[in-house]
Amino acid sequence: MSEPTPNDNQQRLIESTEGIYRVDAGAGTGKTFAITRRYAHILESTDATPDDILLVTFTRNAAREMRERIVQQTDYDLRELQGAPISTFHAYCFRLLRRYGHTVPETLGIDDQIPDSIDLIEEPVREKQLFQRFMSTFADEHPEYADMLRMFRDPATLHTLIGELAAKGVIPTRDGWFRSSDAPLEGDREAFFETVADANSPGEGASGPTNSDARAAVGGWDASEYAPDSPSKAEVHDDPQVDRGVIERAYDEDRTALRTFVHDVYYEYLTFALRNNYLTQGLMLALAFVMLCDRPQVREQDAHEYVMVDEFQDTNELQFKIALLLAITNNLCVVGDWKQSIYGFQHTSVENITAFDDRLQRFTRELNADRTRIAYPVDSVTTIPLYENYRSSSSILAFAEQSLSIPATYSEDIDDPLAGERSLAATNHVDNAQIDAYQAPNEHELLLDRIQMVVDNDDYAVEVTDEPQPDPGATTAQQEAAERERLGAPSYGDIAVFTRTRAFAREFLTVVDEYGVPVAYDGGVELFDTPEAKLALAWLRIAESNARRGWAVVLERAGYSFDDTETILDTEAYPDAMVQFREELAAIDTLGGFLRRVFDRYGRTSAYADALVDHLTSLYENSTLTRGEAIQYIEANLDAGTTVDIETSPGEDAVTLQTIHGAKGLEYPIVILANLNDRAFPHYGQPPACPIIYDDELGLRQTRAYSEAGDYPHVYQHWPTKLLQSIQPSTYDEERRLLYVAMTRAKRHLLFTSGDDPSRFMDGLSIDAIELEPTPEPVTVARESTAPFVTTIPDSSTVPRRLSVHDIMDDSVYDERNGGRGTDFGTELHDFAEAYALDEPVEPSNDDERAVATLIDDLDGKLIPEEPALLPLPGEPQVTLAGIIDLVHVTDDSVEIIDYKTDPDRLAHDEYRTQLSVYYHVLASVYPDRPIQATVFYTQTATPVTIDPVSIDALDRLSRSRHA
DNA sequence: GGTAGTCCCATTTTT
DNA sequence: TGGGACTACC
């Protein structure tokens, strides 16, 4: 596909390579295109090499996409860019730290070094477990903090606070704070009292002044919640305001002890982590920052001539400073859109972009306080707005803009958020947008009803053909006509349903199942709450300790009644087949093998099973979980509701269902924003579980305090913090930005739904909701039954039996056929082939892999590696053959199956013919309109051999004879 | 316009 | 358990 021509501001950005730039890149304005073009331009117009250009993104996916786009636009190929610094903040800093930072902890007064083998923890559960362990030792070792610790219901909640402080750049040393980084703990007194001036000024009523907002907020002041010496209601109230003296007393209370406590926890946790050879992401970035501050030689070796940071609205203060340190010249370019900042709960700071200039000056001053670190000039910043939107129709853009000023509560006051900002301008010509809101007591049915209303409806026309490039000289009218030409009625795949919470999506999915509407959920799944996880947990418990709890689950699944189960458990007379299976499992060495055997036995080949095995076996780089640890791990994750991303089956024409967060960066022809219900969206935040809070205006504060001042020792609410907090107005800016993000995903049409209790956002839309009696129709599309679930042990003949294709092959022929090169050789080759087909940056490491690479290079259609295949056989009892196709190559007029074999000869070819025949029949049913070809590719000789498939009946007979 | 009492609900997710 | 929005009442 040819690249479009940049618009004026994109062109300006591409060519402006020297100096500091802040790019306001609104939704759908071709940001990635412009950045990668700019990258290419730097390479072309200067003598810089990829190593001189640092390109930082927020996610791994984004980094990968950038890399791929750059390959398209430069002479460099993926391999040459492999080592180039196009990376996430975390990955880049971790690499630097491991390369140069072994002794960095010394700078903070810590003896432990950072070894190469240090573990970077990504799973919140593990992080939390380790922190819990730390806190219990901390409590033991510090009796002097007993009172402080009494205010905690769960001391592990301090963990979040530490992460927040690290994101601020607050870093402890043994005796104090790194480079006076504790300043934010004090708070911003001036800013707070500006807030107070606003919130505490009386209103003007008809008959004189009315109570200020702050006074209203502390109206119900109840001194009995607080320690006995706290101010009374009368002292706090100074109608119509809050007593200024009391506010100051609260703000200026002595917080020395609190600060010391937090310092010690933070510092000792850092020590604990290093001693136990791990780091969290937050601590890792903090140490990388310390290294960059303290070791000029690291910057000399590794800082960059050009630095670009993408998604700058999702960075925190620490990352801003790290970016400054990674640049050696002022060729710095940050790209982002404050309106899409929705990760505040991850301690990001939208002010990095909204107050970019101020922060740039301030952070530079701070970094240069003791010696010059930022030697380049920072006083001139050029702002380039990208406002031409290539995604949505103009009515959608105009409609989305209002979302930023819809109040989230009945009393919220919003200043014009877009003051002075240029609106996005649509670039398409046909505006056929349908924008409507719907409401019904049963929102799930309503959603299905609306989906069915939209599908195949010409009023909701969307682009249905690939866009032919318009004649460059075409008139507007001609372009409009060409665009109209491309429009047609939508199908399921054109629709996305967004929700604020995952819970809503999950509930909706159960209703979806009842009606059979094709809806695919895209996002994290509570993996440890699936039947697969519970099954795995049960057998692990049985194998580990013959646990009653495990047996109960297994027996229940096998169909035993409650009473039978009780009897069996009491007598320990477990069914023979199960006992045998237990012994078989006990003999398996590896956790991965153990789990696979369990899932095989139950015929569980779902994505959940795969994900579980992957997850549990890849937790540690250098060691594996024992069974006991695996049990604990699953339990902890089940408890914590951990979610894991599962790959959804692509290709099906289905509605996409995801959370708004998950939809960021994506676009859909038709968006249905669901869940606009009271308290769901906008979501009214839950109070922080940790009694110690940090706030930019207030600094470090405690919300509870232990005191023995009253009749008996007691944990009280801490009045100063409560007073200050209630004076601060609550803000819902991020909820509005979420609304904005959701709406700007839509290209053509936008629908809203709510249940019987619509939220403020629903009310605030400039359209009225239509009340509807939903009448969704059950869909009776014959859907192939996926993953037959064999619930019983021992085998039952009433359910389809699943056989692996290998079960019906004669393995005596093909065992040891790889020429003594070891089974790993084949596995590695397959891994390589999969990665290569997916265009991942891998290089062939031997002749066989080179042969595969050449083969794949010659394929010009769609490549689908590692595709699961299921073939139901006709005979009785029912049997389904299952296997995985190495590679499917699909073009418009043909489909090719490719299976790699590392055998030195073709002795096993007949067996492979059987195997590929299975795949052949599966694909023949999926693509009835295209000829199918099945090829065994012998990698050692780079020879493709096409097979002549055997019939389904022959496969059926074979499977029954070989597996009676 | 102000207040007290009632009610409802307890995220989002990347590294 | 806690907090905030909202309602019903003064």
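Residue numbering restarts at 1 for every chain, and letters A, B, ... go by the order of the sequence lines. Here the structure is a predicted model, which is why all the values come from computation and not from measurement.
You can call A:His683 stacked on the base of B:dT11; the centres are under 5.5 Å apart and the planes sit within 30°.
For the OP1/OP2 pair of B:dT3 and a distance below 4.0 Å, the side-chain nitrogens and oxygens of A:Lys233 include no atom meeting the criterion. Contact between the side-chain N/O atoms of A:Arg215 and the OP1/OP2 oxygens of B:dT3 is found at a separation under 4.0 Å.
A donor-acceptor contact closer than 3.5 angstrom is absent between the side chains of A:Thr32 and A:Glu65. For the residue pair A:Ser349 and A:Glu351, a side-chain donor N or O sits within less than 3.5 Å of a side-chain acceptor on the partner. In summary, the side chains of A:Glu311 and A:Gln313 do present a donor paired with an acceptor at a separation below 3.5 Å, with no hydrogens or angles considered.
Here the side chain of A:Arg500 pairs no donor or acceptor atom with the backbone of A:Pro682 at under 3.5 angstrom. Not a single donor-acceptor pair under 3.5 Å links the side chain of A:Ser341 to the backbone N or O of A:Trp338. For A:Thr348 (side chain) and A:Tyr343 (main-chain N/O), a donor-acceptor pair under 3.5 Å exists by modelled atom type.
Atom CZ in A:Phe681 sits about 13 Å away from atom P in B:dT12, given to the nearest Å. Rounded to a whole Å, the CD atom of A:Gln725 is 12 Å from the C1' atom of C:dG2. Rounded to whole angstrom, the span from the CZ atom of A:Phe504 across to the P atom of B:dC9 amounts to 14 Å. When the P atom of B:dA10 is taken as reference, atom CG of A:Asn677 falls 11 Å away, rounded to whole Å. In this entry the distance linking CE of A:Met151 with P of C:dG2 reads 15 Å, nearest Å. The distance from atom CD of A:Glu225 to atom C1' of C:dT1 is 12 Å, rounded to the nearest whole Å.
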Hey, what are the protein-to-nucleotides 13-15 of chain B N/O distances that come in under 3.5 Å?
from: B:dT13; atom 1: OP1; to: A:Thr659; atom 2: OG1; distance (Å): 2.5
from: B:dT13; atom 1: OP2; to: A:Arg502; atom 2: NE; distance (Å): 3.3
from: B:dT13; atom 1: O2; to: A:Gln346; atom 2: NE2; distance (Å): 2.1
from: B:dT14; atom 1: N3; to: A:Gln346; atom 2: NE2; distance (Å): 2.4
from: B:dT14; atom 1: O4; to: A:Gln346; atom 2: NE2; distance (Å): 2.7
from: B:dT15; atom 1: OP1; to: A:Arg60; atom 2: N; distance (Å): 2.6
from: B:dT15; atom 1: O3'; to: A:Thr88; atom 2: OG1; distance (Å): 3.4

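When heavy atoms are screened at a 4.0 angstrom cut-off, A:Gln717 is found touching the sugar-phosphate backbone but no base atom. Counting non-hydrogen atoms under 4.0 angstrom, A:Lys722 reaches the backbone sugars and phosphates but no base.
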Expected string for nucleotides 5-10 of chain C under the B/S/- scheme (protein heavy atoms, under 4.0 Å, primed atoms plus P, OP1, OP2 as sugar-phosphate) is SS----
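Using the six-membered ring where Trp is involved, A:Phe528 and A:Tyr633 have ring planes that are perpendicular, over 60° apart on the 30 and 60° scheme.
Positionally, the nearest nucleotide of DNA chain B for A:Ser212 lies more toward the 5' end than for the other of A:Ser212 and A:Glu735. Residue order along DNA chain B, read from the 5' end via each residue's closest nucleotide, puts A:Gly219 first among A:Leu738 and A:Gly219.
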TODO: Applying side chain to side chain donor-acceptor pair (under 3.5 Å), run through A:Gln319 and A:Asn352 and close with a yes or a no.
DONE: CA-CA 10 Å; A:Gln319 288 165 324; A:Asn352 271 5; over 6 Å; no
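Nucleotides B:dT11 and C:dG3 are separated by 16 Å at their C1' atoms, to the nearest Å.
Taking the ring-ring contact (aromatic ring centres under 6.0 Å, His included) definition, one finds that A:Phe134 meets it with A:Phe131, A:Phe138, A:Tyr269, A:Phe272, sequence neighbours left out.
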